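If you're wondering where the values come from, they're calculated on a predicted model, not measured in any experiment. Sequence positions, counted from 1, serve as the residue numbers for this chain.
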Amino acid sequence: HVSVMERLLTALPKAVIFDVDGTLYDQPRLRRKMCRELAMYFFRSPVTGLRTIKILAAFRHLRERMPEMMVDNIAEAQYSLTARQVSHPSEKVRCTVQEWMFQRPLRHLPSCKFPGLDSFLNYLKDRGIAAAVFSDYPAQAKIHSMGLDFSVLLDAEDDRVDRLKPDPKGLMV
């Protein structure tokens with residue numbers, strides 16, 4: 001007879017692939033922190049703040065629709081399509097999104113990281129199970145800011161992928 005423990009040990013996966021946003025950290029908590037920061041920005045500079053809010057809202061809405069659009073070169077299309085929608089230069093859209101979605105949140109991520117995540121990743125490592133990340137958004141800076149380490153780190157904008165979830169290409173790569 002094979003013991004339950006032996007069956008469990010042979011059933012362990014070789015790798016676990018994580019998403020980032022909402023999987024490794026409390027996304028609603030981060031959004032609340034960023035909403036407060038954006039509100040303070042708006043009250044200090046209403047015209048620029050309103051433009052920033054419009055750009056971010058349009059960008060997020062577009063990104064949610066992009067999987068069905070099957071665009072090539074996500075890294076560029078997301079900015080040029082948003083720019084067209086909000087009637088602002090593509091470079092302005094890019095700078096706004098980079099600042100508010102990819103740079104400013106980094107300082108808040110350590111306090112939003114899910115409790116027990118480090119222990120779980122160590123558990124996987126101790127058992128020889130690779131931990132990887134595939135995200136629709138650039139993930140390296142987020143992972144670094146949370147003090148995490150993964151054997152594979154890949155995002156949808158990588159030239160080898162250029163597809164958003166639920167397209168399986170990112171998981172295959």
Side-chain angles (χ1 to χ4, degrees), residues 13 15-39 41-42 45 47-110 112-114 117 130-146 148-173:
V16 176
I17 303 173
F18 294 88
D19 184 19
V20 176
D21 303 303
T23 303
L24 302 179
Y25 65 88
D26 185 341
Q27 192 171 28
R29 184 174 183 196
L30 178 67
R31 284 186 177 168
R32 285 189 302 272
K33 289 175 181 268
M34 292 308 301
C35 279
R36 280 192 296 273
E37 197 168 319
L38 191 53
Y41 181 73
F42 172 78
S45 179
V47 173
T48 307
L50 184 58
R51 180 179 34 215
T52 298
I53 291 168
K54 285 180 179 180
I55 289 171
L56 295 174
F59 180 84
R60 288 189 49 81
H61 181 71
L62 177 74
R63 280 291 294 236
E64 290 170 8
R65 291 189 1 243
M66 281 182 82
E68 298 101 48
M69 297 167 64
M70 296 299 291
V71 299
D72 289 322
N73 196 354
I74 293 167
E76 289 303 316
Q78 63 190 350
Y79 299 113
S80 62
L81 293 171
T82 301
R84 212 173 308 143
Q85 186 176 342
V86 296
S87 301
H88 288 297
S90 186
E91 193 52 39
K92 175 64 178 168
V93 169
R94 179 186 305 276
C95 289
T96 301
V97 169
Q98 290 295 318
E99 176 183 355
W100 285 95
M101 290 185 68
F102 303 128
Q103 293 168 0
R104 284 181 182 241
L106 295 177
R107 67 182 175 168
H108 300 296
L109 283 173
C112 295
K113 185 168 66 169
F114 282 125
L117 178 60
V133 162
F134 176 67
S135 178
D136 275 343
Y137 290 98
Q140 187 164 354
K142 292 176 184 178
I143 297 301
H144 180 65
S145 75
M146 290 185 281
L148 302 174
D149 184 36
F150 289 89
S151 53
V152 176
L153 184 59
L154 189 65
D155 65 64
E157 293 181 23
D158 185 287
D159 291 340
R160 298 169 292 173
V161 180
D162 199 31
R163 291 283 173 255
L164 296 169
K165 292 181 258 166
D167 190 302
K169 188 173 180 183
L171 295 175
M172 304 296 253
V173 172

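No side-chain heavy atom of Phe42 sits under 4.5 Å from any side-chain heavy atom of Thr52. By the 4.5 Å heavy-atom criterion applied to side chains, Arg51 and Lys92 are counted as neighbours. In this structure the side chain of Val133 never reaches within 4.5 angstrom of the side chain of Leu148, judged on heavy atoms. Side-chain contact between Ile143 and Phe18 is absent, with no heavy-atom pair separated by less than 4.5 Å. Side-chain contact check for Leu24 versus Lys142: every heavy-atom pair is 4.5 Å or farther apart. Residues Arg63 and Ile74 form a side-chain contact, since some pair of their non-hydrogen atoms from C-beta on lies under 4.5 Å apart. When side chains are defined from C-beta on, Val86 counts as touching Val93, because their heavy atoms get closer than 4.5 Å. Side chains of Leu38 and Leu56 form a contact here, defined as non-hydrogen atoms less than 4.5 Å apart.
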### Stepwise side chain to side chain contact (heavy atoms under 4.5 Å, CB included) check, Glu157 with Asp162
CA-CA 5 Å; Glu157 293 181 23; Asp162 199 31; over 6 Å; no

### Query
Are Met69 and Leu81 close enough, and set up right, to give a side chain to side chain contact (heavy atoms under 4.5 Å, CB included), and what steps lead you there?
CA-CA 11 Å; Met69 297 167 64; Leu81 293 171; 3.6 Å; yes

### Query
Can His108 and Glu37 be said to form a side-chain hydrogen bond (donor to acceptor under 3.5 Å, both in side chains), step by step?
CA-CA 11 Å; His108 300 296; Glu37 197 168 319; 2.9 Å; yes

### Message
With side chain to side chain contact (heavy atoms under 4.5 Å, CB included) as the criterion, how do Arg160 and Met172 come out once you've worked through the C-alpha distance, each side chain's angles and the decisive distance to 0.1 Å?
### Response
CA-CA 10 Å; Arg160 298 169 292 173; Met172 304 296 253; over 6 Å; no

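Residues Ser145 and Pro110 come closest through the heavy atom pair O-CG, 3.2 Å. Closest non-hydrogen pair, Phe134 versus Ala156, comes out as CE1-N, 3.7 Å. Of all the heavy atoms in Cys112 and Arg29, the pair that sits closest is SG-CG, 3.9 Å. Residues Pro67 and Pro166 approach most closely at CB-CD, 4.0 Å, considering heavy atoms. Considering every non-hydrogen atom in both Gln78 and Leu62, the closest pair reads O-CD2, 3.5 Å.
Atom CD of Gln140 is surrounded by 12 or fewer heavy atoms from other residues, nucleotides or ligands within 6.0 Å. Shown here is Lys33, whose NZ atom has more than 12 heavy atoms of other residues, nucleotides or ligands within 6.0 Å.
The structure places NZ of Lys54 at 10.0 Å from OG of Ser87, a figure rounded to the nearest 0.5 Å. For the atom pair CG (Asp136) and CG (Asp167), the distance works out to 10.0 Å, reported to the nearest 0.5 Å. Rounding to the nearest 0.5 Å gives a distance of 12.0 Å between CG of Asp158 and OG of Ser135. Here Ile53 contributes atom CD1 and Trp100 contributes atom CH2; the two are 8.5 Å apart, rounded to the nearest 0.5 Å.
By the ring pair (Phe, Tyr, Trp, His ring centres under 6.0 Å) test, Phe59 pairs with Tyr79, sequence neighbours left out.
Side chain of Arg60 to backbone of Ile55: no donor-acceptor contact under 3.5 angstrom is found. Panel note: side chain Asp26, backbone Phe114; no donor-acceptor pair is recorded below 3.5 Å. Put simply, the side chain of Lys169 never gets that close to the backbone of Arg163: no donor and acceptor are under 3.5 Å apart.
With Tyr137 as the fixed residue, the side-chain contact (heavy atoms from CB on, under 4.5 Å) test singles out one of Leu164, Asp155, Asp21: Asp21.
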